[in-house]
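Chain A is the first sequence line, chain B the second, and so forth, proteins listed ahead of strands; every chain is numbered from 1. Just so it is clear, the model here is predicted, and its values are computed rather than measured.
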Number of protein chains: 4
Amino acid sequence: MFNYVVEPRFSETDALGHINNTVVPAWFEQGRLEIFKIFNPSLALKKWNLILKKMEVDYVSQIYLFSPVEIRTGIASLGNSSLVIHQEVWQKEKLAARGNCVMVHFDYEKQSKAPIPPAIREQLDALIIKS
Amino acid sequence: MFNYVVEPRFSETDALGHINNTVVPAWFEQGRLEIFKIFNPSLALKKWNLILKKMEVDYVSQIYLFSPVEIRTGIASLGNSSLVIHQEVWQKEKLAARGNCVMVHFDYEKQSKAPIPPAIREQLDALIIKS
Amino acid sequence: MFNYVVEPRFSETDALGHINNTVVPAWFEQGRLEIFKIFNPSLALKKWNLILKKMEVDYVSQIYLFSPVEIRTGIASLGNSSLVIHQEVWQKEKLAARGNCVMVHFDYEKQSKAPIPPAIREQLDALIIKS
Amino acid sequence: MFNYVVEPRFSETDALGHINNTVVPAWFEQGRLEIFKIFNPSLALKKWNLILKKMEVDYVSQIYLFSPVEIRTGIASLGNSSLVIHQEVWQKEKLAARGNCVMVHFDYEKQSKAPIPPAIREQLDALIIKS
């Protein structure tokens, strides 16, 4: 799994005193950049070839300011032209949130979804989370 | 269903040229305020009694700048101490995103989940989406 | 002056219980879209010809949730190739924040700042705030 | 000066392809936390004793994705009950933005501004930027 450490920001808190729920999807998006790199090594915006189809988040415990958070990112399963990414937020060695999202591999020239090429699939295989 | 109209912001776009995926959860949170009002009519932050347990979003089509967006919010189902809220984003009469979330009714004094009181349940019943 | 009404969002509050200071620049950016339209009537992103050079905000009083906010936008002064935009945030008939920003008119083909054309200047003149 | 390194986020870009201007104030707020710690070592939210009075940002050059950014924070000048904080954003050894803000020391019990105590002033002195 990829690990990405982020310091929660003051502007990410809300009036209830902890990190607002809507911040987790932005952290997860950032955590997925390492997987985007496999599909698009130059991270060229004009060749962006992964589309977010579906996202779900389970909120397990409150996330607080003033303590770093770790975003863990791995692959739950691989389909023909899509993959399920699993992500977790940890703070002070406690699971705070987790979620899966479905990303679709997209061929911009053909404007349609496209099978994941074997060379990419091989790299993704190494990131599959063993249960 | 409750309807809430919002103008997408320039700061909500991303480098791919449309509204960033992580914005939808913030719009949905805002759309749920009308349901929070039923549980907490004064919207007093110290008595906040609804907790987000789980959220999922399906991204159906791109959302663009310079055209207002409508957030529709209704209730998918009612449990003993929780409810499932269904929400949709519409732009130019096209469904752009939809999602469900699970909210838990919480008793702050007892620090535990609590049954939804009958008077509140009655108001929520009127918001249940008929299929 | 242009007026733009926005409902502060739950996700825009912070742990001190009111709207976070960093939200005001995003509201102001949105309020400036009407001025961008004068420079770029189709709001085409590829022809974006106004660049933010400098921004300042005075925070006058706290901004709260659950009450709409009005963003007022006018022109403080017009230069040869730049303009100073004045903006204010009002909530419950009280000035909450105000600020000026300097925008530079830019010629993308020449990659340099460019004089504001007379036809645009005429429309901007009508927005100059009289003291 | 304090240094704080942050990776620009995908959700912080805008449709023009770089980091949106409104993101810089949030990075600056985060960079000031080290100064807040001097005033409020426990960072207790209920004793928050610094209020942002005024903020200004000069945008010097575009900020891009996929390259870390350094936020530098020091003190420009010290008044009786307020201070001017100077901050800069650097990316790839290039100044991208800079700004000053005025923070006021506040006594929550008296609900008014209050002189900066000598012990705090001493620590702040060490952070004054020499020209």
Side-chain angles (χ1 to χ4, degrees), chain A residues 5-32 43-49 51-52 54-71 87 89-92 94 96-99 101 106 108-109 111, chain C residues 5-32 43-49 51-52 54-71 87 89-92 94 96-99 101 106 108-109 111:
Chain A
V5 174
V6 65
E7 194 66 42
R9 296 182 189 164
F10 201 87
S11 57
E12 293 174 334
T13 59
D14 68 22
L16 299 179
H18 0 83
I19 299 303
N20 184 264
N21 290 316
T22 70
V23 172
V24 172
W27 291 348
F28 278 169
E29 180 185 63
Q30 195 63 13
R32 292 194 297 267
L43 286 167
L45 294 168
K46 292 190 176 172
K47 298 187 207 160
W48 210 258
N49 50 4
I51 289 175
L52 181 62
K54 189 183 165 69
M55 168 187 74
E56 53 179 55
V57 182
D58 285 314
Y59 295 93
V60 179
S61 59
Q62 296 294 357
I63 304 171
Y64 297 95
L65 256 187
F66 310 135
S67 169
V69 146
E70 192 183 326
I71 312 300
Q87 299 187 279
V89 180
W90 287 77
Q91 192 177 43
K92 292 188 171 175
K94 206 172 151 185
R98 76 181 150 226
C101 71
F106 193 78
Y108 268 87
E109 291 182 14
Q111 281 288 309
Chain C
V5 175
V6 64
E7 194 66 43
R9 295 183 191 163
F10 201 87
S11 57
E12 293 174 334
T13 60
D14 69 22
L16 299 179
H18 2 82
I19 298 304
N20 185 263
N21 290 315
T22 70
V23 172
V24 172
W27 291 347
F28 278 170
E29 180 185 64
Q30 194 63 13
R32 292 193 297 268
L43 286 167
L45 294 168
K46 291 191 176 172
K47 297 188 205 161
W48 210 257
N49 50 5
I51 290 175
L52 181 62
K54 189 184 164 70
M55 168 188 74
E56 54 179 54
V57 182
D58 286 314
Y59 295 93
V60 179
S61 59
Q62 296 294 355
I63 305 171
Y64 297 95
L65 256 188
F66 309 134
S67 168
V69 145
E70 192 183 326
I71 311 299
Q87 299 187 280
V89 179
W90 287 77
Q91 192 178 42
K92 292 188 171 175
K94 207 172 150 184
R98 74 179 153 228
C101 72
F106 193 78
Y108 268 87
E109 291 182 14
Q111 282 288 310

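Within 6.0 Å of CD in A:Glu109 there are 12 or fewer heavy atoms belonging to other residues, nucleotides or ligands.
Contacts of C:Thr22 with chain A are made by side-chain atoms alone, with heavy-atom separations under 4.5 Å and no backbone atom involved.
Between the CG atom in C:Asn20 and the CG atom in A:Asn20 there is a gap of 11.0 Å [rounded to 0.5 Å].
Formation of a donor-acceptor pair under 3.5 Å by the A:Thr13 side chain with backbone atoms of C:Ala15 is found in this model.
Using a 4.5 Å heavy-atom threshold, the side chains of C:Leu16 and A:Phe10 count as touching.
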